[in-house]
Asks: 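Below: one structure in structure tokens.
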Amino acid sequence: TMRIRIINANTSAAMTDKMGVAALNAARPGTEIIAVNPASGPITIESHFDETIAAVGVCEEIRAGEAAGTDAYVIACFGDPGLYAARELTNAPVIGIAEAAFHVASLIATRFSVVTTLSRTSIMAERLLHEYGMGNRCRKVRAAEIPVLALEHEADASYRLIEAECIRARDEDQIGAIVLGCGGMADLATRLSASIGLPVVEGVAAAVALAESLVTLKLQTSKFGDLAAPPAKPFTGEFARYSR
Ligand SMILES: O=C(O)C[C@H]1NC(=O)NC1=O
């Protein structure tokens, strides 16, 4: 059976569990889902600094996954933190939930909008859209203006704010689909889609489906060029464990 490691890049265990449930719901029968988060790092990722620190934890979880045996990895944070570094550390496919959601949305609609948490993190989604060559497919990156942890602690109020932003996107942006811009929204896609009458693409589910497809196609991360294993060298201080 296929083993997929879902890496929540923040250290909020309740969010990790929620992502694990979303991944299991999306996975084929028989696919094994292991949902984890780093022991060290930010409890949520809401800034460039949070993202930089979280990327180290993502790499740690890839190393743990390699030791345990993993067929594919999902980076379950909408900034796709550490994506390319993670791809250097394994032969397995590594899928970020933003990249996955953008691709899946572009297969069912000519244009989509993103609804994320804080407007300050919308710059990350905008950067990724252009990085992934999807800038012309996304009409707007919107924010419900809620902290990521509100998805846990004020779930009802947060849902209503996200729903209202999705309705504005549907009515104003001339789009065919919505992309949810936070791993912490992994449990909201079905309810939102039914409520607003538009396909809602959620990144954890999209990434799991794409990861299974790549494994089925026997396609792995290419080791020719910039995703080859990092050059061996000494590391100092707390990163001495990375020395090769
Ligand atoms: O960038 C965001 O707003 C969402 C991002 N932060 C986080 O802790 N998990 C995420 O998916």
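Atoms within a ligand are numbered from 1 in the order they appear, just like the ligands themselves.
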Asks: Taking the non-hydrogen atoms of Gly181, is any one of them nearer than 4.0 angstrom to ligand 1?
Replies: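 The answer is yes: ligand 1 sits under 4.0 Å from a heavy atom of Gly181.
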Asks: Would you check the N or O atoms of Ala76, main chain and side chain alike, for any that come under 3.5 Å of an N or O of ligand 1?
Replies: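 In this structure, Ala76 places no N or O atom under 3.5 Å from an N or O of ligand 1.
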Asks: Heavy-atom pairs closer than 4.0 Å: do any link ligand 1 to the side chain of Thr116, the backbone, both, or neither?
Replies: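 The answer is the side chain.
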Asks: Any N/O of Thr44 closer than 3.5 Å to an N/O of ligand 1?
Replies: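 No, since none of the N or O atoms of Thr44 sits under 3.5 Å from an N or O of ligand 1.
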Asks: Minimum heavy-atom separation for Glu202 and Ala22, please, with both atom names.
Replies: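 So the two residues come closest at OE1-CB, 4.4 Å.
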Asks: Counting non-hydrogen protein atoms only, what is the nearest one to atom 2 (C) of ligand 1? Give residue, atom name and distance.
Replies: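 It is Thr117 OG1, 3.6 Å.
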Asks: Under 4.0 Å from a heavy atom of Asn10: which atoms of ligand 1 are those, numbered in the order shown and with their elements?
Replies: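 It comes down to these atoms of ligand 1: 7 (C), 8 (O), 9 (N).
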Asks: Are Glu88 and Tyr84 linked by a side-chain donor-acceptor pair shorter than 3.5 Å?
Replies: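 Short answer, no.
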Asks: Assess Val148 for proximity to ligand 1: is some non-hydrogen atom of it under 4.0 Å away?
Replies: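 In this structure, Val148 qualifies as a contact of ligand 1 - some heavy atom is under 4.0 Å.
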Asks: Between Gly183 and ligand 1, is there a nitrogen or oxygen pair with a distance under 3.5 Å?
Replies: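 Yes.
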Asks: Report yes if some N/O of Gly79 lies less than 3.5 Å from some N/O of ligand 1; otherwise report no.
Replies: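 No; the residue has no nitrogen or oxygen that sits under 3.5 Å from a nitrogen or oxygen of the ligand.
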Asks: Among all protein heavy atoms in this structure, tell me which lies nearest to atom 4 (C) of ligand 1, with the distance rounded to 0.1 Å.
Replies: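 I find the closest protein heavy atom is Cys182 SG, 3.4 Å.
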Asks: Using 30° and 60° as the class boundaries, would you call the ring planes of Phe102 and Phe112 parallel, tilted or perpendicular?
Replies: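 Aromatic pair Phe102/Phe112 classed parallel.
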Asks: Quick check against the 3.5 Å criterion: does Thr16 have a side-chain atom that pairs as donor or acceptor with the backbone of Ala35?
Replies: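 Side chain of Thr16 to backbone of Ala35, a donor-acceptor pair under 3.5 Å: no, none is there.
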Asks: Taking CD in Gln174 as the centre, count heavy atoms belonging to other residues, nucleotides or ligands within less than 6.0 Å. Is the count above 12?
Replies: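 Counting neighbours around CD of Gln174, 12 or fewer heavy atoms of other residues, nucleotides or ligands fall under 6.0 Å, so no.
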Asks: Would you say ligand 1 has an N or O under 3.5 Å from any N or O of Glu46?
Replies: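 By distance alone, the answer is no.
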Asks: Which residue holds the protein heavy atom closest to atom 6 (N) of ligand 1, what is that atom called, and what is the gap in Å?
Replies: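 Of the protein heavy atoms, Ile45 O, 2.7 Å lies nearest.
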Asks: Is any side-chain N of the basic residue among Arg63 and Glu66 closer than 4.0 Å to the acidic one's carboxylate O?
Replies: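 Answer for the salt bridge query: no.
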Asks: Give a yes or no on whether the backbone of Pro93 and the side-chain of Arg87 come within a donor-acceptor separation of less than 3.5 Å.
Replies: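 A pair under 3.5 Å: no.
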Asks: Charged N to carboxylate O under 4.0 angstrom, Glu212 versus Arg3?
Replies: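 Salt bridge between Glu212 and Arg3, a charged N being under 4.0 Å from a carboxylate O: no.
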